[in-house]
Amino acid sequence: MRCQKMAKEFVKDVTAMDEDFAQWYTDVVTKADLIDYSSVRGSMIIRPYGYALWDNIKNELDHRIKETGHENVYMPLFIPESLLQKEKDHVEGFAPEVAWVTHGGSEPLAERLVVRPTSEVLFCEHYSNIIHSYRDLPKLYNQWANVVRWEKTTRPFLRTLEFLWQEGHTAHATDEDAMEETIKMLNVYAELCETILAIPVVKGQKTEKEKFAGAKATFTIESLMHDGKALQSGTSHHFGTGFAEAFGIQYTDKEGKLQYVHQTSWGFTTRIIGALIMVHGDDRGLVIPPKAAPTQVMIVPIAQHKEGVLDFAYDLKKSLGQVARVNIDASDKKPGWKFNEYEMKGIPVRLEVGPKDIENKQVVLVRRDTLEKVIVPLEQLDTKLVELLDDIQSNLYNKALMHREERTSIAENLVELKETLEAKPGFIKAMWCGELACEEKIKEDTGATSRCIPFEQEQVSDKCVCCGKDAKQMVYWAKAY
């Protein structure tokens, strides 16, 4: 009875999603041991379980980055103010968010330093020193790092003063090569989200208003959270020659003429963990897709004090370790507490085994996504477990896709757009004339922003949703994190 009471209280401490989604999110990230708060406002301590999740995502992405021919490098943490000032649009875009270093020890610095909010100018300075000839191109570099952006409003993973990410920075001989790179890396992000994180995404281009400061064009993958808000889940930028001209990055082409390089930049951050939580989580906590999960199977021995139970459980761990990432909880906590703890942590499969199961040569598998229990004979366990993990992965993706489709609407005028957002928050497909004034009015009147101009265009109307003039493009609109 005491065990059941403690287990219920463990879950009771999590606010229901439909009651207060923001509080549910906060409850989950702390109770699932993903993070702890630090003494600096807006900063977080990523705990071992949270970092193991990031490690899995990082390793999957790093493999794909290297597979596409990129090399990892590391740039300094600090940027001299004069260097940051070299590209006007870029510095203006980041000015409100930069953190400054003004002293070294007790001595004032001759020049202020910026704690990197991003590393474009550092890569540009380096490229101007090492690129001279067409033979030096392309330069395909990537860095894994932390960055600092002084956000006013913060939330763990989604928006913090410091976060972890990778940022790719490449230089090419032609505009076509740079554009090919930009879209290639966007597709890498989309494939990772859909196949590893089970998060369906919409691919498209950002409007002029929403593009990255200093970019020629910005492309994005957008995902939809459980509460109907969108989340920008990865971006890829085509810089053209803007940064190259500001930093003098030139090469001699095959005809002996000096040309400016064409550059790209692309980034994927720890904010994706926030997306994973909000796409798949439920009132019992996290739900982690098997391919992303640090532990795919948690073995919980039942009546482990009885002879042979723990030995059998450890033998299972060893044998199943050939087909999955398996762990075992042999602590003295009661089974009911363990069940709730691992449901909270979103571990895809719980394996229960006790004296009767050993006698009957079977185990009980409990899947986290549906909480369904399956009794599996030992001789079929390896095969059934792999099948179950694959089924959970597919089910989570299909469930998220269905949710997105159910929460995607069409609006033909501003009244419709506003009413739909209030009644059924989600993506709104609506036509746009391309004018900034209409984009700003939509945001002012509804709180929705343009998420992207999707690559897959649809003619949902002939007129702009805002002004009623002839439309140029279909845009996804939504309120967003």
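It should be emphasised that the depicted structure is a prediction, and the values quoted were computed from it without experimental measurement.
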Are Lys257 and Asp253 ion-paired here, with the side-chain N under 4.0 Å from a carboxylate O?
no

Glu343 and Arg350 ion-paired at < 4.0 Å
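Salt bridge: yes.
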
With sequence neighbours excluded, residues passing ring-ring contact (aromatic ring centres under 6.0 Å, His included) with [X]:
{"X": "His169", "answer": "Phe123"}
{"X": "His126", "answer": "none"}
{"X": "His172", "answer": "none"}

Review item, side-chain donor-acceptor pairs of residues 218-225, under 3.5 Å, at least two apart:
{"residue": "Thr218", "atom": "OG1", "partner": "Phe212", "partner atom": "N", "Å": "2.9"}
{"residue": "Thr218", "atom": "OG1", "partner": "His237", "partner atom": "ND1", "Å": "2.8"}
{"residue": "Thr220", "atom": "OG1", "partner": "Glu222", "partner atom": "OE2", "Å": "2.8"}
{"residue": "Glu222", "atom": "OE1", "partner": "Arg451", "partner atom": "NE", "Å": "3.1"}
{"residue": "Glu222", "atom": "OE1", "partner": "Arg451", "partner atom": "NH2", "Å": "3.2"}
{"residue": "Glu222", "atom": "OE2", "partner": "Lys206", "partner atom": "NZ", "Å": "3.0"}
{"residue": "Ser223", "atom": "OG", "partner": "Leu231", "partner atom": "O", "Å": "3.4"}
{"residue": "Ser223", "atom": "OG", "partner": "Ser233", "partner atom": "OG", "Å": "2.7"}

Show me the pairs that pass ring-ring contact (aromatic ring centres under 6.0 Å, His included) and involve residues 396-416, at least two apart or across chains.
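Checked against ring-ring contact (aromatic ring centres under 6.0 Å, His included) - neighbours excluded - the pairs reaching residues 396-416 are His226-His403.
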
Sequence neighbours left out, what pairs pass ring-ring contact (aromatic ring centres under 6.0 Å, His included) with at least one residue falling in residues 173-194?
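Only Tyr189-Phe268 qualify under ring-ring contact (aromatic ring centres under 6.0 Å, His included).
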
Side chain to side chain donor-acceptor pair (under 3.5 Å) involving Thr195 - partner list, sequence neighbours excluded:
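With sequence neighbours excluded, Thr195 shows a side chain to side chain donor-acceptor pair (under 3.5 Å) to Glu191, given in chain and number order.
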
Looking at residues at least two apart in the chain, or sitting in another chain, which of them share a side chain to side chain donor-acceptor pair (under 3.5 Å) with Asp177?
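Here the qualifying residues are Thr174.
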
What residues, two or more places apart in sequence or in another chain, satisfy side-chain contact (heavy atoms from CB on, under 4.5 Å) together with [X]?
{"X": "Gln393", "value": "Ala198, Pro289, Pro290, Lys291"}
{"X": "Glu406", "value": "Met402"}
{"X": "Gln459", "value": "Met431, Asp462"}

Side-chain donor/acceptor pairs under 3.5 Å, residues 42-54, sequence neighbours excluded:
{"residue": "Arg47", "atom": "NH1", "partner": "Asp33", "partner atom": "OD1", "Å": "3.0"}
{"residue": "Tyr49", "atom": "OH", "partner": "Lys345", "partner atom": "O", "Å": "2.7"}

Just checking, Lys203 and Phe455: is the charged tip under 6.0 Å from the six-membered ring centre and within 45° of the axis?
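Verdict for Phe455: no cation-pi partner in Lys203.
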
